[in-house]
Amino acid sequence: LRGPGGREDPHTWPLLAYLLTCCIYPLASSCAHTFSTMSTRARHICYFFDYAALSIYSLGSALAYSAYVFPAEWVNSTFHHCYVPIAVFNTVVSTSLSCYSRFLEVERPRFSKAFRTLAFAYPYLFDSIPLFYR
């Protein structure tokens, strides 16, 4: 922030948002794995935070990709304008789906794992579209 351009440089903020999410998700994950042994309820709550942090990391990646990775011919296209809002939507859906999958663990463990895999695979694939294109 003190370098050339500083706070006025629009390319600084996506990087800082991405770096913040890079710090949040390992912290939440380590807390989840540390405190999940306290009780069954604590385990669910801790992993809810873990899933939310992973989804927020996905959103941070989408912000960075939108700012730095998009192909030149896609910049200012309809897809570029919709990319971050869709990533926000994916974050909410991914967190909801992965948290819901924990309620299915006892009754339908395979279905639960499939839900959780889908909850994190889809945002990854969507966020990576600009990379796959390049």
Side-chain angles (χ1 to χ4, degrees):
L1 289 174
R2 293 183 183 171
R7 293 183 175 138
E8 291 79 33
D9 186 5
H11 294 292
T12 301
W13 296 106
L15 177 64
L16 289 176
Y18 172 69
L19 292 175
L20 179 67
T21 63
C22 286
C23 295
I24 288 173
Y25 97 85
L27 176 66
S29 185
S30 62
C31 288
H33 289 274
T34 300
F35 299 114
S36 66
T37 58
M38 292 173 60
S39 70
T40 303
R41 182 177 176 173
R43 180 173 177 251
H44 288 299
I45 292 171
C46 286
Y47 282 108
F48 288 168
F49 281 110
D50 189 27
Y51 301 150
L54 282 170
S55 294
I56 289 171
Y57 171 72
S58 174
L59 177 60
S61 297
L63 289 170
Y65 291 168
S66 177
Y68 308 121
V69 177
F70 252 74
E73 58 269 17
W74 287 10
V75 174
N76 292 325
S77 68
T78 304
F79 180 63
H80 189 228
H81 291 296
C82 295
Y83 183 75
V84 172
I86 292 171
V88 170
F89 176 76
N90 287 344
T91 298
V92 172
V93 170
S94 173
T95 303
S96 302
L97 195 60
S98 58
C99 290
Y100 176 70
S101 73
R102 294 204 61 83
F103 295 113
L104 301 175
E105 249 178 5
V106 175
E107 298 168 10
R108 300 171 126 182
R110 282 186 160 176
F111 197 60
S112 172
K113 289 181 184 191
F115 254 34
R116 209 166 302 143
T117 302
L118 177 67
F120 294 113
Y122 172 73
Y124 167 77
L125 292 172
F126 175 80
D127 291 348
S128 300
I129 289 173
L131 293 175
F132 293 150
Y133 179 79
R134 292 188 103 186

Handout entry: Y25: which of F120, Y57, F49 passes ring pair (Phe, Tyr, Trp, His ring centres under 6.0 Å)
Key =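 That would be Y57.
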State, to 0.1 Å, how close [X] and [Y] come at their nearest heavy-atom pair, and which atoms those are.
X: L59; Y: T91; result: CB-OG1, 3.4 Å
X: F126; Y: I86; result: CZ-CG2, 3.3 Å
X: S36; Y: C46; result: N-SG, 4.0 Å
X: L104; Y: F111; result: CD1-CD2, 3.6 Å
X: D50; Y: A28; result: OD1-C, 4.3 Å

Problem - W74 ring center within less than 6.0 Å of Y83 ring center - result: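 No - the distance between ring centres of Y83 and W74 does not fall below the 6.0 Å cut-off.
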Could you tell me whether [X] atom [atom1] has more than 12 heavy atoms of other residues or ligands within 6.0 Å of it?
X: F48; atom1: CZ; result: yes
X: Y124; atom1: OH; result: no
X: R134; atom1: CZ; result: yes
X: F79; atom1: CZ; result: yes
X: E73; atom1: CD; result: yes

Note, [X] side chain near [Y] side chain (heavy atom, < 4.5 Å):
X: Y133; Y: F70; result: no
X: N76; Y: H81; result: yes
X: S112; Y: F103; result: no
X: S61; Y: Y18; result: yes
X: F132; Y: L125; result: yes

Exercise for the section: Could you walk me through whether H33 and Y47 pass the side chain to side chain contact (heavy atoms under 4.5 Å, CB included) test, one step at a time? Expected result: CA-CA 8 Å; H33 289 274; Y47 282 108; 3.2 Å; yes
Is it the case that the side chain of [X] and the backbone of [Y] share a donor-acceptor pair, with hydrogens and angles ignored and the cut-off at 3.5 Å?
X: S55; Y: Y51; answer: yes
X: T117; Y: K113; answer: yes
X: T95; Y: V92; answer: no
X: S94; Y: A119; answer: yes
X: Y68; Y: L15; answer: yes
X: S128; Y: L131; answer: no
X: S66; Y: L63; answer: no

Problem - Interatomic distance, E105 atom CD to H44 atom NE2 [nearest 0.5 angstrom] - result: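 If we round to the nearest 0.5 Å, E105:CD and H44:NE2 are 6.5 Å apart.
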Exercise for the section: Indicate if Y65 and Y122 have the same hydrophobic cluster label, given that clusters are the connected sets of ILVMFWY residues with side-chain heavy-atom separations under 4.5 angstrom. Expected result: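 In one cluster: yes.
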